Each structure stands twice: as structure tokens, then as C-alpha cells.
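Written out below as C-alpha cells is the structure these notes cover.
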Amino acid sequence: MSEPRPRHFIQQIIDADMQSGKWGGRVHTRFPPEPNGYLHIGHAASICLNSGLAREFGGKFNLRFDDTNPAKEEAEYVESIKRDVAWLGADWDGEEIGGGLHFASDYFEQMYEWAIELIKKGKAYVCELSGEETRQYRGTLTEPGRPSPWRDRPVEESLDLFARMKAGEFPDGSRTLRAKIDMASSNMNMRDPVMYRVLRAHHHRTGDTWSIYPMYDWAHGLEDSIEGITHSICTLEFEDHRPLYHWFIDAINEGRTEDGSGEWGGLIHHPQQIEFAKFLLNYVVLSKRNMIRLVKEGHVDGWDDPRMVTVSGLRRRGCTPEALRSLCDEVGVTKFNAVRDMVLLENAMRDHLNKVAPRRMAVLRPIRVVIENYPEGQTEEFEVQNNPEDPSAGVRKVPFSRELFIEREDFMEDPPRKFFRLGPGREVRLRGAYWVKCESFVKNDAGEVVELRCTYDPDTRGGSNPPPDAEGNVRKVKGTLHWVSAQHALDAEVRLFDRLFTVEAPGKATGEFTDDLNPESREVLTGCKLEPALGGRTADEPEWADGVRRYQFERLGYFCVDSDSTPEALVFNRTVTLKDSWAKQAGKGG
RNA sequence: AGGGGAUUAGUGUAACGGUAGCACGACUGAUUCUGGUUCAGUUAGUACAGGUUCAAAUCCUGUAUCCCCUGCCA
């Protein structure tokens, strides 16, 4: 079989930690979204990584909302994020890896106390510089900053001011609490970073209790510490923040001892921050700013538009959590900012769906076929395999009659030799039914072919080969077509999706990503013809954990029932096409 | 004279001083009641320049290119 997967650098770090006993054999990870938007495929990668490590090492995984900025956050997002994380199988409340659901806002009181401790230790001060002044004092990438005039004010004064900031005495933005570190540091993050700002906003969980809110750098490590996180995994842009992550926890731990006998009591837990490259994909935009524009400007129908690579969009499109997980597995974890190829996502969806999706027949662009030698009014049923990859998936019955629909593109009036489908005088197999031969065709006034007249061979019942002739020669056909009985067919709308953008890096050429939108990213087909089994869930279908019914439409691709679908008006989405080596060959002019 | 990361076939990713391997793509061919799946094969790589070493993708020096950092966002 295949080699065991090489271990990525984070696994290697944890392997070493387990060896050394650094965390007492514990592994505890977390996914810390800010509830201010929808999760996308990049977040999914982080969720898979963090929950996967917890699973692999018998550890725990927390879902933690980093809700430290009420100006941008809403409860609505909390629910969508929980739904998406659960869908991905990162079971934060389960037996196995469940570390629980947490909110940064639950720690506000504790953080506040630690902030006071830092003021008392002379490591933090209240600064009264305005936003603009703060920026000027900070210096630039190549020039050091200057100390704030408030930097050395008495501890008592800072203490008093900080309490009054909390009490809501000062207007938004008028004061900050800053860490006293190094205004000349080459690392901008260390130039007396802001720990708290005055922000008298209503918080979705704490209401109007707080008039000050902690900044990311101050809050994040403390959240990790409180939850006992061992490996705090984040993206590469936080590498510069790591010294600050350590500085804050070290500052709190100064004057503390392991046994709690220190002036300030016992040590607090000090996790390890590890950075990896975020998941990037070509042919899409992943930044929150740009995704919001896609929705707000109406380029897509919403956050769950199947063309969006949001988790909810992918789900609606028919993607499975298994496909996403195996994709993440496949691309690995590194510190190289690689742009992943969209075909990897498409292949991951095909791979999983091929194994589990029941086969059905659906004709998207129908053309009528009349079997001239099949008795009028007669009907019969064929048992057709649900999945050739999995015999245990069973069979279902498909009705056959004199008038059928086949795919318009499966007939050519004047076909090239390598076209294995129907043409005048050509014979093909109708999947699971009979072999049919095209005798003639009918055109309308516009010169379009509207109907095929065929004959069938009763000796090929079930689609099997006919018996050899008198000389022992066996007749063969090259092509097998999907079909639907006209009188039994269900009508449906089918939505085909293509890439949202026509270029790998949208906006690269002009600076405006909307210039690269693919005008044909969605095609809505109506009057599609489905076999009756697609009308509703049948007993032989798998039970999908998320309730989304998915199928392979034979020879076409993978499709799922859209959330707009009703029993009266069926709507399907195409998740991904099948690979099509004929289209590729035909496209090359061969 | 700012700092922090990164660079291995077309695209990703291993090799942790000792045979440059794997996946995807592309291209052949076989099998097939899906032009699908599966199987077999072909293709092609250590950014550059020096150095250390019996031996360098790996260690050292320099260069180039790319990404991130000057929010009271996360």
C-alpha cells in the first residue's frame, strides 16, 4: 500500500514535545474566529489542522470566538460559524476532542485584572495621545519611534485613569492603555502596543458592561493561557507578533512562581505560538473585504452562493466535509505561501463523491428519441446499479418506453470517426436498457434536429451484448448513453457552475478583481429531464450527515439538491463535472 | 545599514550531511455497460555565485526574487 504520509513541521514539533514531556503529554489546540463574517475554505484548512492535531494526539480542541471588537461583530455570525465548524466535523463538544465552546469576552474581567497588575509592575501606562499622534510617535519602518509624553506618568495616575476608562468616563478613542516596551524596536509591534482602547459599544454578549475592549495582541495569548492551549497555531503574518505574545505572558509571570509563593501568586500557563502559511486558492478571492464586495455588489447571490468558496457556499454546491478534509491533508502544512490549484478542490470532490454518490440518469439538454420498433404504450423497468464502485449500494428500477430523451450533444448529424455516440446509421448502448440504432432524424423549419428515429435490438435487453451471429462474430458498440423515458421523466431546473473568475489571480492585471469575473460562471438550465428516482429520497440512497442529497448524474458530473428545491419544482446544483477526456480531445481539434 | 519569513519537476510537497522521492497535472497504453473509475508506463526539479566536506537540497558566506509588518482590526 501507500507510504505513511510524511509528517509536517507542526506534527514534528508536537512529536518532539511529546518526547520531551514539555506539556505533560497534553495537546490542546483551538480555532479562534472573530465573529464578523463567514468562514471560507482557508478557515476550513485551519479548522482541519487544529482539530486534526487534537484527534491525532488524543488531545482537545476548542472553538473560541475572539469577540474583542463589538464594533464589527454580531451574534448572527456566531451561529453560522458554529454550523460550519460542526459540518466540518471538528467536534468541539464531543467525547473525543471536545475542549468546549469559549468566548474571549468571558475572560474580560481576568484580563482587566492582569492589566492592572502590569500597570502596578510599571509595564503599562495610560496614554492620552490621539490616534493620529500615536501613529506619528510610532515612527516608521526605518526610523525609531518617540516615547509618548505619558509614558512615565506615575503608576497611581495610570491606575486611576484606567479605572475611569473602564467606567466609561472618557469618549471613544480618547485614551489607551499601552504596554511599556521599546519605542525603538525594529519590530513595530513592540513599540508600546495598545492593550486597551476606549470603545463604548454594545457587545453581543457582555452588553454595555465594558467601555474598554482589549486589543488582539494583549488578549489572544491570555485567552490561550486561560484555556490551557499548548500549541497556538496561527498564520504567517503573526510571526512578528510572537515576541509580543511571549512578552505579555512573561510580564504577567514576573513576580510569580510555580508554587504560587511569588508576590503575584502562581505562574500562568504559557502556550507556544506556531505559524503556518494560510491556504490560498487560485481563481477566487479569499480576503474578507473582497468577498463582502462580491455579495454587496451582487456579483453573487449571497454568502452561500455555490460559486463562493465560503464553507456555506461549498456545502450548498454539494461539496462534502470529507472532500475538504482530504484536500487539506493532501496539501500539507508549511511556511511557504503557496497558491493551491483549484483543480485540487475539484478532484477532492470527485474522489469522495465517486465512492459514495448514487448514480442516476438525467438529461440536461434533451432531444427526443422515438424507438420505432418498440410497441406504443408499452413500458418496462430495468434494474440499474446504483454505484459500480460499490455493489452494496444496490440497484434501482428505471422505466423504459417508446419515447425517450437523450443528451442533445450525444447526437451528431455528421460525426467524426472517433465520436462514439449517435449519428445516422450508428448504434450505441442505452445504459442498462437496450442497444439502439439511429435510422433517421427529423428537423424543424429552422434546420435544427428535433427528433431521432431509432430501432432497438431486443436481444440486448439490460444493455448486454447480443449473441454472436452464425459465424461467431460479436457485434460491438463503443458508446453508452444516458437516457430518460419521456413519459416518466421529471422536469427540473439544473444550475451549472463554473469558476467565478477567468484568471488565476483576479485583479492582478488591472488592480480591480471584478474585471476578471467570469460572466458565464453560472448557467441555469430549465426543462431538464430526470429519471423518476430523483423525485425524492429513495430507500436505497445513503443517509447524508448534512441532509444534502447528492448524486452522480451519469456521464455528466456530481449534483446535489439545492436548498431552493421543492417537490413541485426540483432544483439541482452541479458540484463538479466528471473528467471528460472526449471534451479535451474535441477541444484540441482532434 | 529597518525587522521578520520563504525559495526542490508545470503546480504543490518529502528527503533533517550519504540513491532527489511522492501527489496532482500533462502525455501513452490496458480494462470498463459512465469518453467516468481503476491499472501500467512516460515526462520533468534542488533560485544564483562562492566556500566547508570523502560526500551538500541539507552546513557557511554573499546575491536575487517573493510574502508580511508603520489599525485605538483580528
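Remember, predicted model here, so these are calculated numbers, not experimental data. A, B, ... follow the sequence lines: proteins, then strands. Residue 1 opens every chain.
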What does A:D341 touch in the nucleic acid at a heavy-atom separation under 4.0 angstrom: a base, only the sugar-phosphate, or nothing? nothing

Using a 4.0 Å heavy-atom cut-off, does A:Y196 contact any base of the nucleic acid, only the sugar-phosphate backbone, or nothing at all? nothing

Distance below 4.0 Å between [X] side-chain N/O and [N] OP1 or OP2:
X	N	result
A:R197	B:C73	yes
A:R350	B:G36	no
A:K579	B:G25	yes
A:N282	B:U11	no
A:R178	B:C72	no
A:S130	B:C72	no
A:K355	B:U37	no

Do you know which of A:Q273, A:R64, A:Q272 makes side chain to side chain donor-acceptor pair (under 3.5 Å) with A:D224? A:R64

Establish whether the base of [N] is bridged to the side chain of [X] by a donor-acceptor pair shorter than 3.5 Å.
X	N	result
A:E132	B:G71	no
A:R359	B:U34	yes
A:Q552	B:U34	yes
A:R242	B:G4	no
A:D580	B:G35	no

Distance between the C1' atoms of B:A20 and B:A55, in whole angstroms? 15 Å

Between B:G4 and B:A44, how far is it from one C1' atom to the other, in whole Å? 34 Å

As a check on the pairing definition, encode RNA chain B in dot-bracket form, counting Watson-Crick and G-U wobble pairs whose two distances are under 3.5 Å, and using | for partners outside this strand. .((((((..((((....[..))))((((((.......))))))...(((((..]....))))))))))).....

Closest-nucleotide 5' rank along RNA chain B - winner of A:H220 and A:N187: A:N187

Whole-Å distance between [N] [atom2] and [X] [atom1]?
X	N	atom1	atom2	result
A:E237	B:A74	CD	C1'	9 Å
A:Q585	B:G35	CD	P	13 Å
A:E346	B:U11	CD	C1'	14 Å
A:L344	B:C24	CG	C1'	6 Å
A:D329	B:C24	CG	P	14 Å

Evaluate the criterion side-chain hydrogen bond (donor to acceptor under 3.5 Å, both in side chains) for residue pair A:E407 and A:H482; output intermediate values, then yes/no. CA-CA 8 Å; A:E407 211 66 59; A:H482 60 280; 2.6 Å; yes

Looking only at the side chains, is there a donor atom on one of [X] and [Y] sitting less than 3.5 Å from an acceptor on the other?
X	Y	answer
A:T235	A:E237	yes
A:Y137	A:D192	no
A:N290	A:R293	no

Is it true that A:R325 and A:E322 have a side-chain N and a carboxylate O under 4.0 angstrom from each other? no

Does the aromatic ring of A:Y216 sit over the six-membered base ring of B:A74, closer than 5.5 Å centre to centre and tilted less than 30°? no

Should A:F336 be counted as stacked on B:A6, where stacking needs a ring-centre gap under 5.5 Å and an angle between planes under 30 degrees? no

Checking understanding here: a glycosidic angle within 90° of 0 is syn, the rest anti, so what is B:G12? anti

Where do N or O atoms of nucleotides 16-18 of chain B meet protein N or O atoms at under 3.5 Å, pair by pair?
{"unit_1": "B:C16", "atom_1": "N3", "unit_2": "A:Q12", "atom_2": "OE1", "d": "3.3"}
{"unit_1": "B:C16", "atom_1": "N4", "unit_2": "A:Q12", "atom_2": "OE1", "d": "2.9"}
{"unit_1": "B:C16", "atom_1": "N4", "unit_2": "A:Q12", "atom_2": "NE2", "d": "2.7"}

For the residue pair [X] and [Y], categorise the inter-ring angle as parallel (less than 30°), tilted (30 to 60°) or perpendicular (more than 60°).
X	Y	answer
A:H43	A:F31	perpendicular
A:Y213	A:H203	parallel
A:H102	A:Y107	tilted

When you measure from every atom of RNA chain B, which of residues 198-205 of chain A have a heavy atom less than 4.0 Å away? none

Hey, do the aromatic rings of A:Y112 and A:W210 have their centres closer than 6.0 Å? yes

Within 45° of the six-membered ring axis of A:Y551 and under 6.0 Å from that ring's centre, is NZ or CZ of A:R360 located there? no

From C-beta outward on A:F419, which listed nucleotide comes closest to its side chain: B:G12, B:C69, B:G35? B:G35

Atom NZ in A:K529, atom CG in A:L404: separation rounded to 0.5 Å? 12.5 Å

Drop me the distance from A:F9's CZ to A:E275's CD, to the nearest 0.5 angstrom. 7.5 Å

